[in-house]
Amino acid sequence: MKEYKMLIGGEWVSAKSGQTRDVTDPASGELLAKVPEANADDAKLAIAAARKAFDEGPWRSTPALERGKLLFKVSKAIMDNFDKFVEMEVRDCGKPRREAEFDVGDAANCFEYYGGLATKIHGQTMNTPDGSVSLIVREPIGVCGQIVPWNYPLLMSTWKLAPALAAGNCVILKPSELTPMSALELGQIFMDAGFPPGVVNIITGPGAGAGEELATNPKVDKVAFTGGTVTGKKVMQNATNNIKNVTLELGGKNPVIVFDDCNFDSAVDWTLFAAFANQGEVCSAGSRLLVQKSIHRKFVDELVKRVPRIKLGHGLNEGVVMGPLVSAAHRDKVESYIKIGIDEGAKLLCGGKRPEGKEFEKGNFVEPTIFDDVKPSMRIAREEIFGPVLSVIPFETEEEAIALANDSEYGLAAGVFTSNITRGHRVIGKIRAGITWINNYHPTYNEMPWGGYKQSGIGRELGLFGIEAYLETKQINIWLDDNPVGWY
Ligand code: NAD
């Protein structure tokens, strides 16, 4: 058991209230750590530290090359501590080892990517009509509050920190109260790398209080939030206080469309991964399967046949590819949706219950669950469950599939399986979602913009778009004629 402090103004500090929160392993209930339980007062201190670092500190004037090199150091330190981070992520949020390994590698690569981009922030020059020399320059936005969820603690923190720092901002990061460990460990890496005090502040605590303060406080210039759509709406409302720049990465109810001309085996494989990777606790999870009627029965039978290959258990155990849900409360929510699905009349094909056996007794496990004959109006077809529950809806025509896919308040991700690439392009072109795949699902690239249409969010993270989100734009017009114009 480790006792953590949080990082404010370059110091490791306790919460002002002295309160702490227990962090437990969702697979075993084991106590892993105690972390400070920050409230609005602690958030205010962190905001003041970031404000001071931005307004008075050296960070804004630190050459981009130096900022980039510091980010390279962070990337290297993550790789030097690869196993430690992998184990921490598995224990903290319950993910299987292979997925934690993807996350840690991606996080290191993301810091490297944005370290490289720090020196590639360019402005423009314009030919203005009166002959002035006109420049467009890019500047950091200022102090950024960054709020992340529990499903990818290290990676979501990285997606926020790396571009913001590359662009020259100062930040206050708040990880989820359920999974704060890797962000705090990252804090030590920032200190060791030599980031000036106050440039990176990391506070741990719940949304009410600490999180709300980051969204509301007028000294914060931008709030970047990843989490549920309901919370995102509150963050956006609170951010109106001082018209903050806002980025929102929210939920999804993402369609996977399988046409009868697909590569059958490959489509089955990816469909299971789309739905059940990271226990389905993925914003982009392919949780709505739209499958063409001509292969519906055969496809669903094959899915069910392969489900027993999804080995549940503690994510550190050999061969485990599905861990527990993050908390007992979240498991209750997922189980309540399973009950709703049964009550609504969907056909439960497999799962729907907790696995039996001693190794599952103390964890928040739920079996991979597939519902067939789901009607588009059912709640399990419309609402984000955020667990290992797949809802299958059959369709007949391409037009019907597109209409069903778009029949959602969300627009985060979508996948299409077909061996007709023309059809694949045509269908994806008509789907209102920001992240799409043809003939696979989930691979995510630091170079590509991540974000959603509709109620799945505003703005994009990653790639060049990700650094844009942390830059202001200024025009500078230079008059070259020393003679008075004679206006008056
Ligand atoms: P959540 O909305 O409950 O919490 C997210 C974060 O917001 C946490 O740090 C929490 O403490 C904080 N928070 C809660 N209330 C707040 C408030 N009023 N003001 C400010 N901050 C507040 O989400 P969660 O349960 O942690 O994560 C699951 C959700 O995240 C899912 O809906 C999922 O789709 C979404 N998500 C989206 C993406 C994406 O890229 N679009 C990625 C991962 C997760």
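Atoms within each ligand, like the ligands themselves, are counted from 1 in listed order.
Figure legend: Lys95 and Tyr152 shown as a cation-pi pair, the cationic atom lying under 6.0 angstrom from the six-membered ring centre and within 45 degrees of its axis.
A distance below 6.0 Å separates the ring centres of Phe195 and Trp59.
Salt bridge Lys234/Glu212: absent, no basic N to carboxylate O contact under 4.0 Å. Salt-bridge annotation for Arg51 and Asp221: present, with a side-chain N of the basic residue lying under 4.0 Å from a carboxylate O of the acidic one.
When only modelled atom types and interatomic distance are considered, Ser408 and Arg382 share no side-chain donor-acceptor pair under 3.5 Å.
Here the side chain of Glu99 pairs a donor or acceptor atom with the backbone of Asn278 at under 3.5 angstrom.
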Under a 3.5 Å threshold, I'd like every N/O contact between ligand 1 and protein atoms, with atom names and distance.
residue, atom, partner, partner atom, Å
ligand 1, 2 (O), Gly228, N, 2.8
ligand 1, 2 (O), Thr231, OG1, 2.7
ligand 1, 9 (O), Val148, O, 2.8
ligand 1, 9 (O), Lys174, NZ, 3.0
ligand 1, 11 (O), Lys174, NZ, 2.8
ligand 1, 11 (O), Glu177, OE1, 2.6
ligand 1, 11 (O), Gly207, N, 3.2
ligand 1, 18 (N), Glu212, OE2, 3.4
ligand 1, 23 (O), Gly228, N, 3.4
ligand 1, 25 (O), Trp150, NE1, 2.9
ligand 1, 26 (O), Trp150, NE1, 3.1
ligand 1, 30 (O), Gly227, O, 3.4
ligand 1, 32 (O), Glu384, OE1, 2.6
ligand 1, 34 (O), Glu384, OE2, 2.6
ligand 1, 40 (O), Trp450, NE1, 2.8
ligand 1, 41 (N), Leu250, N, 3.3
ligand 1, 41 (N), Leu250, O, 2.7

